[in-house]
Amino acid sequence: MRLFILILLASIFSFCGEKNNNVLHDFSEVDIQILIEDSISIRAVEVYKDSLIGFGYNKGYGFLNLYNDDVTFHEFKVTDNTQNHDNWITEQRAVAFSDQSFYSLGIGSPARLRKINLQDKTEKNVYQETHEKAFYDAIAFWNTTEGIAMGDPTDGCLSIIITRDGGETWRKIPCKDLPSTVTGEAAFAASNGNISIVGDHTWIISGGMKSRVFYSSDKGATWEVFDTPIMQGTATTGGYSIHFYDENNGIIFGGDYTQPEKNKANKAITKDRGKTWQLIADQKEPGYKSCVRYVPNSGGNEIVAVGFTGISISNDRGTHWKELSKESFYTLRFINDSTAIAAGKNRIAKLTFK
């Protein structure tokens with residue numbers, strides 16, 4: 001009996017210790033420190049080992065070392081009058097780190113995915129697509145060897161490419177293995193926020209004439225699709241960003257960037273892996289946002305959304321929101337549970353939530 005009681009107490013303390021990892025910070029302010037100011041537009045930013053920032057911008061990609069403030073820009077140059085050269089200019093709106101490499105993916109055709117070695121910064125082209133409708137929006141990795149990127153439909157389904165060999169080769173999934181899209185359904189390359197991954201689970205948000213969630217439970221081997229109540233029906237409406245806190249709880253944020261004040265049906269949450277979605281703060285602030293992220297270690301209670309309209313936060317799973325700043329940013333990634341890196345027009349900044 002004594003041994004049983006000791007085991008029971010140990011289990012209770014262990015459980016309590018796990019729960020204590022989730023802290024409700026109740027943030028109500030944000031301090032903004034500008035790290036880079038330049039005449040560039042940044043819609044994709046990622047963090048590597050809490051110290052290196054990788055970003056894509058309208059003329060290439062770059063790095064910012066948070067330890068020494070060193071900044072490098074890799075600007076693509078036009079070397080001839082055709083598009084058949086390695087550094088054709090295209091906006092890099094999807095970036096990711098995996099293992100010892102950085103990946104930068106351009107929108108438009110020809111769509112090129114570059115793999116950059118972090119040690120010597122050498123790059124190579126690991127995927128190229130010349131379809132006239134090619135337009136890639138986001139990239140993410142399940143682990144060091146397997147990754148996924150998605151883009152707009154070219155032949156009746158989303159463009160989804162997958163690597164299983166550490167990013168060396170990428171294969172496009174044929175439409176026969178994917179749910180069909182409807183005419184005018186695509187995605188928004190607004191923040192590299194169209195893909196969310198938790199373990200082997202993957203979610204992709206579409207927008208436009210239809211705004212739906214494409215879901216895979218097995219790292220892209222099989223797919224199904226779920227409807228959402230997010231505003232849709234025109235080319236500029238729908239979900240712009242999706243994020244999951246765990247396997248069950250996720251959020252979609254979007255709206256209509258041409259009418260950013262509209263807040264009807266522009267945000268929704270799920271508690272069942274994306275199968276069903278419920279509108280939150282409907283017809284309440286905030287309106288359009290291009291990127292949404294759960295605050296780490298918050299138990300899914302705290303959520304930050306950014307856009308050119310400013311920075312907003314919820315401390316109660318999206319039921320109520322507070323505007324923290326009118327400063328404009330397109331995208332955001334957390335370093336820890338109180339610090340994030342945000343990027344947008346002409347700048348990258350460190351956000352400290354208080």
Side-chain angles (χ1 to χ4, degrees), residues 93-94 96 105 107 109 111 113 127 129 131-142 146-164 170-244 247-254 265-279 292:
R93 295 195 181 186
L105 176 58
I107 61 173
S109 180
L113 174 57
Y127 181 80
E129 187 173 336
H131 194 291
E132 61 180 9
K133 294 182 180 179
F135 195 101
Y136 279 85
D137 307 291
I139 185 172
F141 278 79
W142 292 288
E146 298 173 291
I148 180 174
M150 66 79 57
D152 292 352
T154 56
D155 296 301
C157 68
L158 290 178
S159 295
I160 297 180
I161 60 174
I162 288 179
T163 181
R164 307 287 188 192
W170 295 73
R171 170 183 171 268
K172 189 169 185 178
I173 300 179
C175 281
K176 67 180 181 62
D177 296 328
L178 289 170
S180 298
T181 52
V182 304
T183 301
E185 181 180 14
F188 300 107
S191 65
N192 194 31
N194 313 81
I195 303 172
S196 186
I197 287 176
V198 176
D200 294 346
H201 302 271
T202 311
W203 298 266
I204 293 175
I205 182 67
S206 67
M209 297 304 294
K210 273 283 192 180
S211 189
R212 300 187 293 172
V213 171
F214 295 75
Y215 169 67
S216 172
S217 63
D218 49 15
K219 293 185 289 188
T222 60
W223 293 86
E224 51 189 323
V225 62
F226 307 119
D227 291 331
T228 78
I230 293 291
M231 67 166 71
Q232 51 200 280
T234 69
T236 57
T237 58
Y240 279 68
S241 181
I242 187 170
H243 195 224
F244 272 72
E247 291 181 1
N248 294 308
N249 295 281
I251 185 169
I252 301 168
F253 217 118
N266 72 316
K267 39 198 175 293
I269 60 170
T270 181
K271 298 178 182 179
D272 59 6
R273 296 189 179 182
K275 294 179 182 179
T276 62
W277 295 84
Q278 299 78 44
L279 293 174
V292 65

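Excluded from the calculations below are hydrogen atoms, water molecules and symmetry mates; all remaining heavy atoms, backbone and side chain alike, are included.
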Quick check: closest heavy atoms across [X] and [Y], and the distance to 0.1 Å?
X	Y	answer
Gly239	Ser211	N-OG, 2.9 Å
Ser216	Ala221	OG-N, 3.8 Å
Ala187	Asp137	CB-OD2, 3.5 Å
Ala111	Ala134	CB-CB, 4.3 Å
His243	Val292	CB-O, 3.6 Å
Lys210	Val182	CG-CG2, 3.3 Å

Discussion item. Counting only heavy atoms from other residues, nucleotides and ligands, does the tally under 6.0 Å from NZ of Lys172 exceed 12?
Written reply: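 Correct, the count exceeds 12.
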Which distance, rounded to the nearest 0.5 Å, do you find between the [atom1] of [X] and the [atom2] of [Y]?
X	Y	atom1	atom2	value
Phe214	Met150	CZ	CE	8.0 Å
Leu279	Ile230	CG	CD1	6.0 Å
Glu146	Asp200	CD	CG	8.0 Å
Thr276	Ile269	OG1	CD1	9.5 Å
Phe141	Thr163	CZ	OG1	6.5 Å
Met209	Glu185	CE	CD	10.5 Å

Worksheet entry | Residues Tyr240, Ser191; criterion side chain to side chain contact (heavy atoms under 4.5 Å, CB included); working and verdict | CA-CA 8 Å; Tyr240 279 68; Ser191 65; 5.9 Å; no
Side chain of [X], backbone of [Y]: donor and acceptor closer than 3.5 Å?
X	Y	value
Trp203	Arg273	yes
Asn192	Ile139	yes
Ser180	Cys157	no
Arg212	Val225	no
Ser109	Lys133	no

Practice prompt. Carefully, step by step, assess Leu158 and Trp223 under the rule side chain to side chain contact (heavy atoms under 4.5 Å, CB included).
Written response: CA-CA 11 Å; Leu158 290 178; Trp223 293 86; over 6 Å; no
Item to complete: For Phe244 and His201, run side chain to side chain contact (heavy atoms under 4.5 Å, CB included): C-alpha distance rounded to whole Å, both residues' side-chain angles, the deciding distance at 0.1 Å, then the answer.
Response: CA-CA 10 Å; Phe244 272 72; His201 302 271; over 6 Å; no
Fill in: Heavy-atom check, side chain of Ile161 versus side chain of Tyr136, under 4.5 Å
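When only atoms from C-beta onward are counted, Tyr136 and Ile161 do touch, with a gap below 4.5 Å.
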Worksheet item: Quick one: are Arg164 and Arg171 in side-chain contact, heavy atoms under 4.5 Å?
Response: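 The answer is no; the side chains never approach within 4.5 Å.
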Discussion item. Assess, by modelled atom type and distance only, whether the side chains of Lys275 and Thr270 contain a donor and an acceptor separated by less than 3.5 Å.
Written reply: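 The answer is no; no qualifying pair exists.
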Practice prompt. Evaluate the side chain to side chain contact (heavy atoms under 4.5 Å, CB included) criterion for residues Trp142 and Thr202: first the C-alpha distance (whole Å), next the side-chain angles of each, then the deciding distance (0.1 Å), finally the verdict.
Written response: CA-CA 9 Å; Trp142 292 288; Thr202 311; 2.6 Å; yes
